Peer 1: 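Once you've had a glance at the structure underneath, I'll fire off some questions.
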Amino acid sequence: MSTLPIATTRQVRRAATALVRADGRAFAAVLALNAAAALLGLAGPWLLGRIIDRVVGGATAADVDRLGLLLLGCALLQLLTGRQARYLAHRFGERSAAKVREQLLDRVMALPAATAERAGTGDLTARGTADSTAVGETLRDAAPELLVAGAQVLFILGAILTVSPLLGSCGLLGVFGIALGSRWYLRRSRPAYLADRAATAELAEVLAATAHGARTVDALGLREQRLAAGAGAIGTAHRARMRTLDLRLRYFAGINLSYTLPSVLVLPLGAVLVAHHAVTLGAAVSTALYLQRVIDPLDNIVVLLESLQSSTAAYARVEGLAAAPVPAQARAGEREPADDRIRVTGVHHAYPGGPDVLHGLDLDLTPGERLAVVGPSGSGKTTLGRLLAGLDRPRAGTVTVGGVPLADLSPERLRRQVVLVTQEHHVFLGTLRDNLRIAAPAADDAALTAALDAVGWQHDLPDGLDTELGPAATRLDGARAQQLALARVILADPHTLVLDEATALLDPATARHTERALAAALTGRTVIAIAHRLHTAHDADRVAVLAHGRLTDLGPHEALLAAEGPYAALWHTWRTT
């Protein structure tokens, strides 16, 4: 399940109210025009009843024609008013939906990287696509139409009671049944829809993970396990969806009875009252027509309530990002690091639900030095890299820069202080220039080209910096995507760079050339290189050796070789393989 919070009903209501207030005039115009259209719609049955009574009373053809023309004029005016109302509603809805998406993007970008990773791509993707789309459609269509339908029902019931209070009471019976059914449905539907959307997000996460790791699945023979995981996620999503369908079926069955009951009662009752001269024939006909007319807005309310519950659950997920945890300084004043010195003091760290993977680490990095972190698989190298990059907070101990805990820095400040580069790189849709300027929006073409040169980029793309990248344009292989990521690092120009197998996709000769070129380009910057290729350690100022989450060796390459300790053993093993 997602680690990101879900907004409460009150929070969703407050957020929706803020959206409406932000474009209050447009929303008021939508309501006013729809209300006018609803009032004009009341004229038809009333005028038809008047025509019947006039005919019974011996009215002339001219009198009937005048009322008929008035009825036609009201119908035409209702059509035009309703059309303009729908036009304004769509404009209001699209503007509001754009605000929701922009706000969602701002909140996602403000999330600490560790929080986004724990949430999973499936959940974030679902919130940014299906959930935000559902919110936009509701703001555009459901919310205005629900208010208008409610107003229409009130207007029509008022007209029925005005024409004939006794016959109008039949209409109230239907409304009472719908109110009871809606209360039953609303109390049960929100949890069901939240579970449905969460299950859909989990399914997306499982499918995305399987597709992304397809080669690993094939290599390790994990096909059956991934199929089982996919089937389990599909089963959970199916059960959640069937729960919402079951609620809708029960709700609609009760509502259909509430529709039918008033019409069944009013026709025989109207006939009896007309026969006893308690109401006129025109009043009975008008009441029957009004009851038929009230079915449409009531039906809209029922359908819109179902849609509103689904979209409210979606909005709760979208708005839930507002309550996502943020670094302490973002809430109450950011502390300024005194210098660029990074210190690791007494650090213990464990992932949720697991044992410690780092045990009492102490490390003091001199600004501008190049440190290589080596050790066997599972020794804690990547975990240390994440702590040094401020992505995770240690369970005990501190990791500081200039005396300030790295995990307390805002994402913006952290990115200026430390940049982590791993094997996983993303090439964004757009030109090569766009991809580079993500790291330095103000960089000119000369700076972009220099950054590419520093990582050994071959300038062979058809349109140079203007080459469009992406699946439908020019696709970069893993090695070139890695070079692009390293070029971004040079442009970002952080004071500390953490390289976690950042050149693993390059061949050894190119990797060594790239690392040396990168070191030259980042002269004066602190570089922490986590690698299995020990030539990286050979070129470093110091080498830190990890084993079982503990620091077992620390010092220059030559000194550690001479000491014939753990590092020397690793070095000789690597050279002979």
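What's counted below: heavy atoms across the whole structure, side chains too, no hydrogens, waters or symmetry copies. Keep in mind the model is a prediction, meaning the values are calculated, not measured.
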Peer 1: What's the separation between atom CG in Leu429 and atom CG in Leu469, rounded to the nearest 0.5 Å?
Peer 2: 9.0 Å
Peer 1: Under the side-chain contact (heavy atoms from CB on, under 4.5 Å) criterion, do His349 and Asp356 qualify, and how do the steps go?
Peer 2: CA-CA 5 Å; His349 186 66; Asp356 279 358; over 6 Å; no
Peer 1: How far apart are the C-alpha atoms of Tyr193 and Thr312, what are their side-chain angles, what is the distance that settles it, and do they pass the side chain to side chain donor-acceptor pair (under 3.5 Å) test?
Peer 2: CA-CA 9 Å; Tyr193 277 110; Thr312 299; over 6 Å; no
Peer 1: Quick one: does Leu432's side chain get under 4.5 Å of Leu484's, heavy atoms only?
Peer 2: yes
Peer 1: Salt bridge (charged side-chain N to carboxylate O under 4.0 Å, His left out) between Arg343 and Asp362: does it pass, once the steps are laid out?
Peer 2: CA-CA 8 Å; Arg343 284 189 172 92; Asp362 292 293; over 6 Å; no
Peer 1: Can you tell me how far the CG atom of Leu19 sits from the OH atom of Tyr315, to the nearest 0.5 Å?
Peer 2: 4.0 Å
Peer 1: Is there side-chain contact between Arg386 and Thr383, with heavy atoms separated by less than 4.5 Å?
Peer 2: no
Peer 1: Is any side-chain N of the basic residue among Asp364 and Arg341 closer than 4.0 Å to the acidic one's carboxylate O?
Peer 2: yes
Peer 1: More than 12 heavy atoms of other residues, nucleotides or ligands under 6.0 Å from CZ of Arg95: yes or no?
Peer 2: yes
Peer 1: When you compare the side chain of Thr400 with that of Ile342, does any pair of heavy atoms fall below 4.5 Å?
Peer 2: no
Peer 1: Say whether, by atom type as modelled, one donor and one acceptor occur between the side chain of Arg395 and the main chain of Val347 under 3.5 angstrom.
Peer 2: no
Peer 1: If every non-hydrogen atom of Pro376 is compared with every non-hydrogen atom of Lys381, which pair is closest and at what distance?
Peer 2: O-NZ, 3.2 Å
Peer 1: Please determine if Glu319 and Arg13 form a salt bridge, counting it only when a charged side-chain N lies under 4.0 Å from a carboxylate O.
Peer 2: no
Peer 1: Under a 3.5 Å cutoff, is there a donor and acceptor pairing between the side chains of His557 and Asp541?
Peer 2: no
Peer 1: Over all heavy atoms of both residues, which pair between Arg393 and Leu387 is shortest? Give the atoms and the distance, please.
Peer 2: C-CD2, 4.0 Å
Peer 1: Output yes when a side-chain donor or acceptor of Arg437 lies under 3.5 Å from a complementary backbone atom of Ala443, and no otherwise.
Peer 2: yes
Peer 1: Given ring pair (Phe, Tyr, Trp, His ring centres under 6.0 Å), test Phe428 with His426 step by step and report yes or no.
Peer 2: CA-CA 6 Å; Phe428 295 90; His426 187 75; 4.5 Å; yes
Peer 1: Using the rule given for side chain to side chain donor-acceptor pair (under 3.5 Å), can you reason through Thr210 versus Arg226, listing the C-alpha separation, both sets of side-chain angles and the distance that settles it, and then say yes or no?
Peer 2: CA-CA 7 Å; Thr210 301; Arg226 296 312 301 173; 3.0 Å; yes
Peer 1: For residues Asp500 and Thr382, is any side-chain donor paired with an opposing acceptor at under 3.5 Å?
Peer 2: yes
Peer 1: Do Asp453 and His459 pass the side-chain contact (heavy atoms from CB on, under 4.5 Å) test, and can you show the C-alpha distance, the side-chain angles, and the key distance before you say yes or no?
Peer 2: CA-CA 9 Å; Asp453 289 337; His459 296 276; 2.6 Å; yes
Peer 1: Name the orientation class of the two ring planes belonging to Tyr567 and Trp571 (parallel below 30°, tilted from 30 to 60°, perpendicular beyond 60°).
Peer 2: tilted
